[in-house]
Amino acid sequence: MAWIAGLFISFSTLPCLPTLTSFHINMVVPTKKAMNQRLASWTLVVGLFVVSCVAELERFEHAGKPDGSLSFLVVGDWGRRGHYNQSQVAFQMGKIGEQLDIDFIISTGDNFYDNGLTGVDDPLFHQSFTDIYTAPSLQKQWYNVLGNHDYRGNAEAQLSPILTKMDNRWLCFRSFVLNAGPEIAEFFFVDTTPFVTKYFTDPEDHVYDWKAILPREKYLNNLLMEVESALGESRAKWKIVVGHHAIKSAGHHGNAKELNIHLLPLLQTYDVDLYINGHDHCLQHISSSDSGTQFMTSGGGSKAWRGDVSWWNPQELKFYHDGQGFMSVEMTPTEVSIKFYDVFGNVLHNWSSSKQLSFAI
């Protein structure tokens with residue numbers, strides 16, 4: 001085990017050595033805790049990426065601002081070569097990103113339409129990502145999850161370090177944990193597409209890339225155990241779970257019943273503050289009476305205006321916009337402020353909350 005020119009390497013006999021090339025080194029690093037947990041296995045850390053044979057969620061850290069605050073943008077359902085107002089949303093994201101001096105961007109999935117990427121050499125990656133989000137303020141780390149449309153292509157391509165070599169902003173795993181601040185907020189990115197049964201039983205004319213998912217039951221059981229373990233260990237001031245599919249939504253797709261059965265109880269048990277998703281091509285905020293969690297949808301990155309809203313209990317549905325836009329989040333250890341913006345950069349809705357700091361005695 002040694003540190004060589006910023007490269008941490010630990011070896012054992014496990015035969016799972018991936019091939020990695022050079023990476024941008026300064027944005028994200030694995031935690032010491034994650035390193036220690038992997039000493040029994042072969043681990044390689046290069047800049048953004050951690051590769052391990054241990055069955056646990058990968059962990060990353062992202063520093064906050066010197067004043068102890070954190071700010072970021074959230075966008076979902078976007079990758080359409082700039083069409084359907086994707087370029088206009090990106091332009092407004094650049095303006096707001098500069099105003100807030102954002103630290104990073106979160107994508108809630110469906111990154112490339114209609115059928116994900118064909119491979120790491122698919123020009124859609126540049127046409128829908130690199131060539132669209134060009135504002136200086138958006139040249140920050142992007143943390144991405146996969147959506148159902150991403151699984152209709154080569155899902156592994158979006159997870160490949162080759163894409164990060166092409167554009168060092170890109171980071172995509174199926175599921176992972178991000179400690180931001182550090183310990184202002186912890187983000188638990190969850191691969192929600194495999195939970196949805198209809199993609200397996202009634203895929204229509206779509207072909208899904210399930211190579212790394214099958215057998216499905218084992219994959220989901222392991223994922224739920226890993227998410228529960230990570231939530232239980234978290235000491236962050238704010239806990240935020242990010243997934244593509246909605247747990248609660250008044251939009252076209254509505255609630256993912258499988259997530260209500262399997263994931264929602266974990267949010268309730270471990271006092272998760274926010275659940276952020278895409279999938280429905282809209283912006284919305286639901287404050288549920290049966291949970292302390294706030295449910296935020298940011299899926300307006302491009303094509304929207306479905307026009308079929310299932311109006312929710314008005315005491316819970318705080319905001320719904322059937323159109324394009326995105327979301328901003330500003331955080332400190334004691335306060336969070338969220339705003340939703342339309343394609344023109346107008347603030348449509350804002351919400352804030354605060355909590356007291358707890359001190360160990």
Side-chain angles (χ1 to χ4, degrees), residues 3-9 18-31 34-35 43-52 58-65 70-76 78-79 81-82 86-87 90-91 93-94 96-98 100-109 111-112 116-146 150 153-182 187 189 242 301 326:
W3 286 94
I4 304 175
L7 182 68
F8 175 86
I9 305 178
T19 300
L20 295 179
T21 51
S22 59
F23 296 99
H24 181 71
I25 301 175
N26 73 356
M27 283 283 191
V28 186
V29 295
T31 63
M35 288 182 184
T43 305
L44 173 64
V45 179
V46 185
L48 294 179
F49 282 87
V50 185
V51 181
S52 174
E58 300 294 355
R59 291 179 174 269
F60 302 92
E61 286 189 354
H62 197 119
K65 297 178 177 61
L70 187 70
S71 59
F72 57 94
L73 302 181
V74 183
V75 66
W78 41 268
R81 295 186 173 89
Q86 183 194 0
S87 293
F91 176 74
M93 287 174 62
I96 300 303
E98 181 178 2
L100 300 182
D101 186 24
I102 58 169
D103 299 291
F104 53 84
I105 301 98
I106 287 175
S107 169
T108 57
N111 305 317
F112 302 100
L117 297 179
T118 59
V120 294
D121 56 352
D122 191 333
L124 189 59
F125 178 73
H126 294 285
Q127 295 166 353
S128 293
F129 178 63
T130 302
D131 298 342
I132 301 298
Y133 301 100
T134 57
S137 67
L138 302 182
Q139 307 310 302
K140 303 291 178 67
Q141 190 65 54
W142 283 61
Y143 297 102
N144 307 275
V145 291
L146 298 174
D150 300 311
N154 184 338
E156 295 285 343
Q158 293 195 44
L159 311 179
S160 173
I162 294 174
L163 294 190
T164 302
K165 186 177 180 182
M166 293 189 216
D167 190 322
N168 58 30
R169 296 176 292 172
W170 185 262
L171 187 148
C172 186
F173 282 82
R174 297 182 196 272
S175 300
F176 60 100
V177 178
L178 171 66
N179 184 357
F187 299 80
F189 292 78
V242 180
F326 59 99

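Contact of the Met93 side chain with the Val75 side chain is registered, since non-hydrogen atoms from C-beta on lie closer than 4.5 Å. Counting only heavy atoms from C-beta outward, the side chains of Asn179 and His62 never approach each other to under 4.5 Å. In this structure the side chain of Leu73 reaches within 4.5 angstrom of the side chain of Ile96, judged on heavy atoms. At a threshold of 4.5 Å between non-hydrogen side-chain atoms, the residues Val145 and Ile106 do not count as touching.
No side-chain donor-acceptor contact under 3.5 Å links Ser160 to the backbone of Val120. Panel note: side chain Trp170, backbone Gln158; a donor-acceptor pair is recorded below 3.5 Å. Side chain of Asn144 to backbone of Leu171: a donor-acceptor contact under 3.5 angstrom is found. Side chain of Asp122 to backbone of Thr118: a donor-acceptor contact under 3.5 angstrom is found.
Between Phe60 and Phe173, the gap from one ring centroid to the other is short of 6.0 Å. Aromatic ring centres of Tyr133 and Trp142: separated by under 6.0 Å.
When all heavy atoms of Leu117 and Ala157 are compared, the closest pair comes out as CB-CB, 4.3 Å. When all heavy atoms of Ser137 and Gly94 are compared, the closest pair comes out as OG-O, 2.7 Å.
Note that Arg169 lies outside the cation-pi zone of Phe104, set by a 6.0 Å cut-off to the ring centre and a 45° limit from the axis.
Taking NE2 from His126 and CZ from Arg81, the interatomic distance works out to 12.5 Å, rounded to the nearest 0.5 Å. In this structure, Ile132 CD1 and Leu138 CG are separated by 11.5 Å, a value rounded to the nearest 0.5 Å.
For the pair Asp103 and Lys65, the salt-bridge criterion is met [side-chain N within less than 4.0 Å of a carboxylate O]. Ion pairing of Glu156 with Arg174 is present here, as a side-chain N (NZ or NE/NH1/NH2) and a carboxylate O approach within less than 4.0 Å.
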*In sequence, state the C-alpha distance, the side-chain angles, and the governing distance for Leu146 and Leu159, and then conclude on side-chain contact (heavy atoms from CB on, under 4.5 Å).*
CA-CA 9 Å; Leu146 298 174; Leu159 311 179; 4.1 Å; yes
*Could you please spell out the steps behind the side-chain contact (heavy atoms from CB on, under 4.5 Å) verdict for Ser128 and Phe112?*
CA-CA 7 Å; Ser128 293; Phe112 302 100; 3.9 Å; yes
*Verdict with supporting geometry, Val74 and Thr108, side-chain contact (heavy atoms from CB on, under 4.5 Å)*: CA-CA 7 Å; Val74 183; Thr108 57; 3.7 Å; yes
*asked:* Show, in sequence, the C-alpha distance, side-chain angles and deciding distance for Asp101 and Lys140, and conclude whether the side-chain contact (heavy atoms from CB on, under 4.5 Å) test is met.
replied: CA-CA 10 Å; Asp101 186 24; Lys140 303 291 178 67; 4.1 Å; yes
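No hydrogens or angles considered: a donor-acceptor pair under 3.5 Å links the side chains of Ser107 and Asn111. Thr130 and Asp167 form a side-chain donor-acceptor contact under 3.5 Å, judged by distance and modelled atom types alone.
A ring pair (Phe, Tyr, Trp, His ring centres under 6.0 Å) with Phe187 is found for one member of Phe176, Tyr143, Phe72 and no other, namely Phe72.
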